[in-house]
Amino acid sequence: MRMALVVWEDASEADSGPWVDRGTAPEAETIIFHQVGFIYSMTPAAVVLTSCVGEHQMSTRTRIPAGMVRSITELVSGAVIALPKRKRK
């Protein structure tokens with residue numbers, strides 16, 4: 001599976017109450033998420049990500065409809081990141 005950063009726009013409620021005055025309703029806010037995961041599948045309809053992959057298992061999947069996807073960037077640098085040394089007590 002390839003690891004990727006998916007930037008996507010979420011659907012959301014634009015108002016907090018049951019009624020909104022049409023003349024003074026504020027502009028609906030755009031909600032953008034940046035999600036990193038392994039691409040389980042990608043079709044014209046949707047991208048499906050999982051956050052953890054084992055030899056025979058994986059974590060729960062997130063399905064993002066293709067119309068909500070703003071961008072997909074594959075993460076492939078391969079640079080090793082060293083853990084910081086623990087301080088002895």
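Numbers here simply count residues along the sequence, with the first being 1.
- Put simply, Met1 and Met3 are part of the same group of oily side chains (I, L, V, M, F, W, Y) that touch within less than 4.5 Å, one to the next.
- Counting all heavy atoms, side chain and backbone alike, Met68 lies closest to Asp10 at CE-C, 4.1 Å.
- Heavy-atom neighbours of Glu29 CD from other residues, nucleotides or ligands within 6.0 Å: at or below the threshold of 12.
- In this structure, the side chain of Asp21 engages the main chain of Gly23 through a donor-acceptor pair within 3.5 Å.
- Annotation: the span from Ile64 atom CD1 to Arg70 atom CZ amounts to 13.0 Å, rounded to 0.5 Å.
- A heavy-atom distance below 4.5 Å is found between the side chains of Glu9 and Thr30.
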Side-chain donor-acceptor distances from residues 37-51 under 3.5 Å, at least two apart:
| unit_1 | atom_1 | unit_2 | atom_2 | d |
| --- | --- | --- | --- | --- |
| Thr43 | OG1 | Ala45 | N | 3.2 |
| Thr43 | OG1 | Ala46 | N | 3.2 |
| Thr43 | OG1 | Ala46 | O | 3.4 |
| Thr50 | OG1 | Ser59 | N | 3.4 |
| Thr50 | OG1 | Ser59 | O | 3.0 |
| Thr50 | OG1 | Ser59 | OG | 2.9 |
| Ser51 | OG | Ser59 | OG | 3.1 |

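- Taking CH2 from Trp8 and CD1 from Ile31, the interatomic distance works out to 10.0 Å, rounded to the nearest 0.5 Å.
- Here the CZ-CD distance, from Arg2 to Glu74, works out to 5.0 Å after rounding to the nearest 0.5 Å.
- In terms of hydrophobic clustering, with Ile, Leu, Val, Met, Phe, Trp and Tyr side chains grouped at heavy-atom distances under 4.5 Å, Val36 and Val69 are assigned to different clusters.
- In this structure, Val80 shares a hydrophobic cluster with no other residue, the cluster being traced through Ile, Leu, Val, Met, Phe, Trp and Tyr side chains under 4.5 angstrom apart.
- By the rule that hydrophobic residues join a cluster once side-chain heavy atoms approach within less than 4.5 Å of another member, Phe33 and Leu75 end up as members of separate clusters.
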